[in-house]
Amino acid sequence: MSVPLYQAKAELFRTLGHPVRIRVLELLQDGPKPVRDLLAVIEVEASNLSQQLAVLRRAGMVTSHRDGPLVMYALSTPDVADLLAAGRRILGAVLTDRDGLLGELRATGADR
């Protein structure tokens, strides 16, 4: 029995619902990085980062491979970076619209 597309999409967005996971994906946009480099930038315990990387791996958003003693992580597809960019654009539009509405309300005195 296959999963409906809307359910698969919901799971994808749930995967993105954690700040550490988003930060990892942002950092990997510049190319593959070892875990130690991610830990140096993301202020979490190693065990927490490991858990978040496992979630991203299971979701297919990142890949990992060994490079000598290092475990390297990379985005699984450039589409992940495109998704993050779309999120930034949407967030910017939403915040701009909210700020615009708030300014408009204040200018008309409607917020009193």
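With hydrophobic clusters built from ILVMFWY side chains whose heavy atoms lie under 4.5 angstrom apart, Ile42 shares a cluster with Val35. Linking Ile, Leu, Val, Met, Phe, Trp and Tyr whenever their side-chain heavy atoms come within less than 4.5 Å puts Leu39 and Leu28 in one cluster. Under the 4.5 Å side-chain contact rule for hydrophobic residues, Val62 and Phe13 share a cluster. A single hydrophobic cluster is not seen to contain both Leu56 and Met72; linkage of ILVMFWY side chains at heavy-atom distances under 4.5 Å, directly or through other members, places them apart. Cluster annotation: Val71 and Leu49 are assigned to the same hydrophobic cluster (Ile/Leu/Val/Met/Phe/Trp/Tyr, side-chain heavy-atom contacts under 4.5 Å, transitive).
Using a 4.5 Å cut-off on side-chain heavy atoms (C-beta onward), Arg57 and Tyr73 make contact. Between Leu16 and Arg21 there is no side-chain heavy-atom pair separated by less than 4.5 Å. Counting only heavy atoms from C-beta outward, the side chains of Met61 and Val55 never approach each other to under 4.5 Å. At a threshold of 4.5 Å between non-hydrogen side-chain atoms, the residues Gln52 and Val24 do not count as touching. A 4.5 Å side-chain heavy-atom check between Pro19 and Ile22 finds every atom pair outside the cut-off.
Heavy-atom minimum distance, Glu26 versus Leu84: N-CD1, 3.9 Å.
To the nearest 0.5 Å, the span separating CG on Asp82 from OG1 on Thr77 amounts to 7.5 Å.
The backbone N or O of Ala59 sits nowhere less than 3.5 Å from a side-chain atom of Thr15 that would complete a donor-acceptor pair. The closest donor-acceptor contact from the side chain of Lys33 to the backbone of Leu27 lies under 3.5 Å.
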